[in-house]
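From a predicted model like this one, the values you see are computed outputs, not experimental measurements.
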There are 8 protein chains.
Amino acid sequence: MSDFVVIDHRRVDRLGFGEAVLCAWKPVAVIEEAIARFREREMPVLLTRLSADQFNALSAEVRNTLDYCHISQTAFFGKPQTLRHTPTVGIVTAGSSDMGPAKEAVRSLAFHGIGCREIYDVGVAGLWRLERKLDVIRACPIVIVAAGMDAALVSVLGGLVPSLIIALPTSVGYGAANEGETALKAILASCAPGIVTVNIDNGYGAALAALRALNTNGDNRGHPYP
Amino acid sequence: MSDFVVIDHRRVDRLGFGEAVLCAWKPVAVIEEAIARFREREMPVLLTRLSADQFNALSAEVRNTLDYCHISQTAFFGKPQTLRHTPTVGIVTAGSSDMGPAKEAVRSLAFHGIGCREIYDVGVAGLWRLERKLDVIRACPIVIVAAGMDAALVSVLGGLVPSLIIALPTSVGYGAANEGETALKAILASCAPGIVTVNIDNGYGAALAALRALNTNGDNRGHPYP
Amino acid sequence: MSDFVVIDHRRVDRLGFGEAVLCAWKPVAVIEEAIARFREREMPVLLTRLSADQFNALSAEVRNTLDYCHISQTAFFGKPQTLRHTPTVGIVTAGSSDMGPAKEAVRSLAFHGIGCREIYDVGVAGLWRLERKLDVIRACPIVIVAAGMDAALVSVLGGLVPSLIIALPTSVGYGAANEGETALKAILASCAPGIVTVNIDNGYGAALAALRALNTNGDNRGHPYP
Amino acid sequence: MSDFVVIDHRRVDRLGFGEAVLCAWKPVAVIEEAIARFREREMPVLLTRLSADQFNALSAEVRNTLDYCHISQTAFFGKPQTLRHTPTVGIVTAGSSDMGPAKEAVRSLAFHGIGCREIYDVGVAGLWRLERKLDVIRACPIVIVAAGMDAALVSVLGGLVPSLIIALPTSVGYGAANEGETALKAILASCAPGIVTVNIDNGYGAALAALRALNTNGDNRGHPYP
Amino acid sequence: MSDFVVIDHRRVDRLGFGEAVLCAWKPVAVIEEAIARFREREMPVLLTRLSADQFNALSAEVRNTLDYCHISQTAFFGKPQTLRHTPTVGIVTAGSSDMGPAKEAVRSLAFHGIGCREIYDVGVAGLWRLERKLDVIRACPIVIVAAGMDAALVSVLGGLVPSLIIALPTSVGYGAANEGETALKAILASCAPGIVTVNIDNGYGAALAALRALNTNGDNRGHPYP
Amino acid sequence: MSDFVVIDHRRVDRLGFGEAVLCAWKPVAVIEEAIARFREREMPVLLTRLSADQFNALSAEVRNTLDYCHISQTAFFGKPQTLRHTPTVGIVTAGSSDMGPAKEAVRSLAFHGIGCREIYDVGVAGLWRLERKLDVIRACPIVIVAAGMDAALVSVLGGLVPSLIIALPTSVGYGAANEGETALKAILASCAPGIVTVNIDNGYGAALAALRALNTNGDNRGHPYP
Amino acid sequence: MSDFVVIDHRRVDRLGFGEAVLCAWKPVAVIEEAIARFREREMPVLLTRLSADQFNALSAEVRNTLDYCHISQTAFFGKPQTLRHTPTVGIVTAGSSDMGPAKEAVRSLAFHGIGCREIYDVGVAGLWRLERKLDVIRACPIVIVAAGMDAALVSVLGGLVPSLIIALPTSVGYGAANEGETALKAILASCAPGIVTVNIDNGYGAALAALRALNTNGDNRGHPYP
Amino acid sequence: MSDFVVIDHRRVDRLGFGEAVLCAWKPVAVIEEAIARFREREMPVLLTRLSADQFNALSAEVRNTLDYCHISQTAFFGKPQTLRHTPTVGIVTAGSSDMGPAKEAVRSLAFHGIGCREIYDVGVAGLWRLERKLDVIRACPIVIVAAGMDAALVSVLGGLVPSLIIALPTSVGYGAANEGETALKAILASCAPGIVTVNIDNGYGAALAALRALNTNGDNRGHPYP
């Protein structure tokens with residue numbers, strides 16, 4: 001399988017963060033091959049969408065090198081970056097069913113040394129739950145909001161806090177929810193100004209966007225290309 | 001054109017309200033023919049989606065018999081029902097751009113003797129506008145909520161008031177708003193319980209549903225079929 | 001799992017009915033956590049979309065506290081409200097395949113103290129079946145109509161009875177039925193006036209809408225917010 | 001323009017009916033070229049979707065050779081076939097707005113010598129209108145049913161008469177009606193057995209299908225190919 | 001389960017053919033209940049979309065009363081009608097993968113006493129296969145054409161034979177074939193005149209449409225309604 | 001028209017920026033009413049999607065108070081904020097046809113005191129055009145990338161610069177470009193990590209998202225709610 | 001306008017052909033600017049999708065430098081390449097309505113020195129028209145096939161000739177034809193092997209693909225990058 | 001099963017290559033029947049989309065005659081053509097997850113005697129990986145590019161090499177990737193000129209298109225039809 005995998009080992013120099021391995025659609029042999037490549041270069045790597053079945057099918061030797069989380073289906077190979085002190089990113093979910101993608105974002109940020117403030121199950125059907133957390137959310141310069149179904153929480157938060165809001169539509173819902181497409185489109189058509197979004201269930205993407213925004217004023221920016 | 005039109009003059013007996021004439025897709029000659037049929041039977045009739053162009057193309061004689069409203073594109077032929085005292089229906093819009101369909105609902109209810117309480121431009125991007133109207137809205141046993149784009153107002157209201165909420169998605173918005181389809185689907189996938197909806201921009205339908213609900217306990221119910 | 005669940009315990013005060021737990025997409029641990037929260041507050045709760053597999057995976061202790069129904073995939077935790085005497089809600093289905101969502105509506109109403117009149121398998125392909133039940137249906141001020149495929153039953157009933165008609169499109173059908181989307185859209189585009197609809201297969205939503213409509217004139221309305 | 005048009009003059013031998021000219025998307029010069037080809041061969045021809053603008057842009061000489069109908073946007077060049085005595089085809093519409101495609105079918109059948117029984121505006125929102133025409137409809141061995149919006153009339157008729165029912169979905173409706181796609185899909189997913197359909201607004205296609213069915217037992221069948 | 005099933009036993013009087021039981025989406029108990037109803041009335045019945053799993057889950061007693069076909073997933077309960085001598089219906093498939101829906105049509109026609117002429121695997125990628133069967137196909141007054149993917153065979157046959165052509169789009173194909181939707185839409189947009197279609201994979205519907213067409217001139221027509 | 005407009009004058013306190021007026025779908029009378037409200041409060045306001053036709057239909061008096069830009073269809077009422085010194089936002093377009101939405105972003109940022117670095121027509125079909133601008137782009141901590149059709153430029157830039165990349169899909173393209181939906185979906189499915197997007201042609205939204213990100217570390221953050 | 005346009009003047013070196021200017025979505029000033037850039041470099045250029053309205057709005061001076069074709073909406077600025085002797089590309093259309101995109105391909109090839117063999121109006125509804133041209137088509141190593149509606153001609157030709165077949169789906173058709181999407185998807189799902197396609201109505205793209213294929217074995221290949 | 005399969009044994013004469021067997025949707029008995037037909041005629045045959053489950057369910061006797069590849073799910077029955085010396089086709093993938101369809105193309109070409117140059121995992125998120133392979137790719141007159149998600153690699157390569165580029169969109173990706181539809185549409189809307197595409201995951205189709213292009217100038221062209 002060795003010909004199929006060419007890791008982008010220069011990414012950390014260009015962008016300030018390394019490549020992650022998206023495990024969905026990959027046979028176990030290819031996942032092991034990819035980990036081997038990072039091991040050779042002594043680079044840590046984040047694995048995403050590594051299902052429990054895939055994880056269990058890895059050789060015990062490989063499995064033991066991984067820090068695996070069932071809820072987010074992510075794994076760390078090697079040592080994550082040291083946690084920075086500030087700032088923290090807020091993670092807000094509309095319902096408890098959105099915790100999978102939310103945790104993928106939390107773990108992806110943790111791998112890159114960013115801590116999170118997590119606030120779950122504050123959807124707008126019971127607005128008081130959101131209101132009592134509003135000060136905490138406002139204190140975060142960047143807020144990732146995970147919501148499926150109508151994703152109304154995103155618009156409501158967009159009108160209440162000045163932070164950069166990165167919407168994370170989830171595939172929670174049935175029928176007209178269309179596996180997250182309705183949440184995604186409602187976010188794009190939001191009446192609140194300046195909301196941005198990533199793909200459905202893409203917690204990793206939301207985390208990396210936060211990372212890009214945090215690096216905006218810092219000195220952690222990558223080197224010129226090539 | 002006389003063969004093309006068969007009015008359902010028995011509807012008022014069966015359902016408690018008469019047929020309306022949907023003017024879109026109809027040549028002016030057919031609209032005039034339909035009005036003539038109601039005139040023969042001395043029945044009043046509501047015309048919907050009568051564009052300004054269509055209205056102006058009607059013969060002056062017919063035009064003079066109509067009470068026409070440009071915003072809602074509706075016309076009354078004959079005398080509307082006397083306004084009932086109570087209850088009133090609440091009409092709430094997310095933005096000022098939703099006023100066309102909202103006014104179609106208001107006029108349709110007025111034609112059937114139902115008054116409205118109208119509250120405009122209280123979308124969730126500025127939640128305080130909604131909150132200061134909440135008592136007024138709660139006082140209405142039935143609330144029609146017109147909203148386009150993300151339609152988040154519908155879910156927020158659904159969590160705040162116990163009234164029957166009839167959503168009226170509008171075609172306001174661009175791109176991912178898909179001419180109202182996103183608002184419609186977000187409403188259907190709402191996280192708030194027990195919300196119902198009508199078709200996009202269907203103010204007439206929302207009004208008639210309110211009428212059905214109001215008749216629920218009253219004595220204005222139609223006669224058995226046939 | 002305790003951080004993921006924040007029950008909206010104030011809902012019954014605001015809206016006149018409590019929160020339900022949508023079990024789809026939730027791991028068993030989260031469902032048990034949610035039930036524990038209601039137990040702490042000594043509040044009964046309705047669980048919906050609790051699959052047989054999920055039910056069987058619950059601990060025996062939890063399972064024994066539940067009144068579970070396989071057809072509707074609903075469960076009652078705690079004591080449902082006492083059945084009111086009147087009025088009853090009519091539940092009509094087009095085919096016997098629509099009974100799952102129909103029973104979800106029946107059970108949701110029962111949990112809130114509302115009785116139903118159930119009429120199954122009266123689709124328009126054999127119109128006489130509907131006609132002999134018409135008097136029974138007309139007697140119900142609110143009628144929930146469950147239909148998949150073309151959902152033509154909804155339009156036909158809409159033309160025959162003056163009741164509030166809450167359409168419940170179902171995912172029954174194949175090919176162009178598009179898992180209920182065609183039924184839903186046909187209902188929205190219905191030629192019968194004043195029909196409202198909920199999401200595909202959303203029996204719970206249809207029931208709660210009926211509850212809202214019934215409360216319209218009653219004294220069971222929630223308290224002001226907040 | 002003469003190289004662009006190759007008429008299928010052998011069609012009448014193969015299929016028992018000649019080629020028609022679909023005028024939409026064709027510049028006026030191409031339409032005139034096509035008519036010239038038929039004139040050379042002394043063959044009559046049916047023109048469909050010939051808009052009033054296109055008709056008026058034709059040279060006066062050509063225009064005078066045509067029998068044009070504004071409602072159906074069809075024209076006859078040359079002499080239609082003699083009207084056969086029996087059988088007649090039934091044409092039923094749900095609303096008066098469906099008359100354009102319905103008349104396209106009527107004219108297309110007339111051009112090929114088939115008479116029609118036309119029944120307009122009998123949609124299911126007022127079922128009594130249909131019922132009083134049912135004997136007339138049942139007497140037609142083939143029935144074309146034109147309906148937009150929910151197209152519920154098609155399913156209802158499909159359950160009431162044993163005739164071959166050719167559905168003709170129309171683009172009448174807005175929002176979720178999706179320019180006829182919902183009517184089309186509802187027909188395809190009909191609960192009534194053995195319904196067939198043609199494309200949206202394709203009155204010509206419905207007529208030709210009726211012609212094929214009528215030829216089924218007759219001696220008007222085309223010759224072997226090639 | 002007995003309340004869920006109301007058979008349309010009067011259908012044979014109205015339409016000339018009886019109700020069939022669509023087994024998909026039905027629990028085994030409901031299927032058995034339906035069969036019991038027909039047994040009570042001593043009426044034979046056709047079962048469609050009865051999967052092998054469902055068939056095997058039926059009680060041995062019920063299973064033994066059925067004539068089951070694995071390819072078409074149909075079963076006969078009771079005695080089919082005697083085979084009529086003429087005419088026969090042609091069944092043509094584009095590929096061998098289309099045989100499931102094609103056989104559903106063949107079995108449905110056989111149940112109602114109509115024989116078929118079956119011609120398989122003559123798709124247009126190798127046109128000579130079709131041409132050598134053309135005389136056989138032309139001899140059939142009604143031709144059912146089953147095709148997935150691009151469904152080009154339907155248009156080609158539509159240009160070659162004068163018969164009534166009932167298209168039967170199938171879900172064969174991947175990617176842009178969209179589970180049969182592309183075949184369906186290509187048929188609806190066919191350049192050949194007078195083609196009609198049924199829903200994707202609806203072999204039963206194609207057969208019943210053929211039955212309606214055959215009854216067109218015969219004396220097997222149903223009785224007036226009601 | 002005065003009842004239809006309720007400006008969210010508190011937004012600047014909550015979010016650090018004021019409300020804008022989306023002029024599409026609004027009659028001229030409503031636009032004038034909205035401007036009057038801001039004039040009363042002596043607040044400047046940004047108008048977006050103000051077409052040339054709408055602009056010309058405004059009263060001369062109102063028109064003269066506006067700074068209007070034809071390319072971006074935006075207008076400033078009142079005095080924009082003073083231009084901050086740093087940082088600047090990069091605006092990159094794939095083609096010259098994308099300049100409308102790009103200029104909407106530039107003008108929206110200018111109104112809020114943010115300057116831009118504009119780089120046009122550097123789509124990936126000629127990669128050298130992008131490469132020679134890469135240093136300029138990398139120097140911007142936030143980059144808005146406007147692209148239609150395949151939007152490949154977004155992914156390529158995402159792999160080359162560490163900045164926060166806000167994609168701005170445009171409706172440029174035909175056929176499978178689906179009026180911007182393909183560009184939008186390609187961006188959401190981008191192989192480059194951490195890309196975020198706004199709605200199709202939503203230059204205003206992209207600008208406001210940049211504003212939120214810039215405020216992230218600054219002291220321009222809004223006040224607590226309410 | 002001069003900042004908006006950056007021509008890819010190096011394309012001819014890299015790819016063997018120069019950039020074309022897609023005029024749709026471009027204001028006249030931008031089109032004139034683009035032409036000026038090519039004039040400065042003394043490079044000829046092809047303009048596509050230049051509508052008659054745009055052409056007429058150009059300054060007389062610019063207009064006089066162009067060789068404009070109304071059917072294909074293309075213009076040549078400067079001198080096209082000398083026509084090569086062989087090979088020729090075949091252009092086949094299903095109907096006369098497909099001539100616009102077909103002529104765009106012909107003109108684009110002519111601009112690059114490639115001659116065409118044009119065969120119009122040979123759709124499969126009358127197969128004999130295609131068959132009598134088959135020898136001509138087979139003689140072309142590359143065949144561009146323009147077809148809308150069901151695009152069945154593409155599959156039929158794909159089974160009959162060994163040439164490289166480049167499908168050019170057109171937007172001809174209505175209803176289920178979906179403005180060319182059905183033709184496109186039918187081509188992609190074709191039962192004939194090895195068919196490739198370009199975007200709907202993209203005659204220019206089909207021509208350029210042919211050019212790439214012709215260069216395959218020749219010595220007209222571009223230079224290395226950069 | 002013998003009636004269901006009619007092999008197109010004349011294809012090799014007409015087109016220069018033989019029929020392949022698409023095994024998806026076919027029961028094992030039909031696959032064995034198809035192989036038997038080729039064995040009778042002593043013709044080799046390529047089987048595609050033969051899943052591991054299907055392969056294992058074949059009789060041991062048949063299985064032993066096949067050369068099966070798990071990655072591409074293809075099998076060779078009989079002896080492939082001798083490998084030609086030149087030219088080779090380039091196969092480029094964006095990610096390692098695209099290797100299934102890519103290998104289907106490689107194996108299909110190998111079966112017909114064409115060798116490939118394979119270049120994997122060079123997606124544009126790390127452009128340097130592509131650039132260091134550019135000379136190898138440019139040397140191939142025909143390049144098949146397999147990419148899912150945003151398929152941006154196709155446009156980038158289209159701007160860099162003059163070869164005939166056959167895009168092979170893959171179903172890799174989630175959410176807005178829509179199982180390959182976004183990749184497909186992005187390719188069709190590519191800003192790079194002259195790109196052609198096949199259906200999603202259709203490696204076989206891409207290979208056969210390459211074969212048609214290679215035969216363009218050679219002497220391996222099929223014989224006239226019929």
Item to check | No-hydrogen, no-angle side-chain donor-acceptor test under 3.5 Å, C:T48 and C:T74 | outcome: no

Item to check | Pick from B:P193, B:A209, B:G205, B:A20 with the largest number of heavy-atom pairs that fall under 4.5 Å of chain C | outcome: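 So the answer, after comparing B:P193, B:A209, B:G205, B:A20, is B:P193.
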
Checklist entry - What residue, out of B:N202, B:V198, B:L208, B:T197, has the most heavy-atom pairs lying under 4.5 Å from chain C? => result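 Heavy-atom pair counts peak at B:T197.
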
Checklist entry - Which heavy atom of C:Y120 sits nearest a heavy atom of C:V106, and at what distance? => result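 Taking every non-hydrogen atom into account, OH-CG2, 4.5 Å.
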
Checklist entry - Do you know which of C:A206, C:A192, C:G158 has the most heavy-atom pairs under 4.5 Å to chain B? => result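 So the answer, after comparing C:A206, C:A192, C:G158, is C:G158.
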
Item to check | Electrostatic pair C:D121-C:K133, nearest N-O below 4.0 angstrom | outcome: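 The answer is no: the pair does not qualify as a salt bridge.
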
Checklist entry - Using 4.0 Å as the upper bound for N to carboxylate O, is an ion pair formed by C:D98 and C:K103? => result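 Salt bridge absent between C:K103 and C:D98.
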
Next on the checklist: Which atoms of B:L22 are under 4.5 Å from chain C, going by heavy atoms: the side chain, the backbone, both sets, or neither?
Outcome noted: neither

Item to check | Structural part of C:I200 lying under 4.5 Å from a heavy atom of chain B | outcome: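 Neither; nothing under 4.5 Å.
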
Checklist entry - Is it the case that C:R11 places NZ or CZ above or below the six-membered ring of C:F17, under 6.0 angstrom from the centre and within 45 degrees of the axis? => result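 No, a cation-pi geometry is absent between C:R11 and C:F17.
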
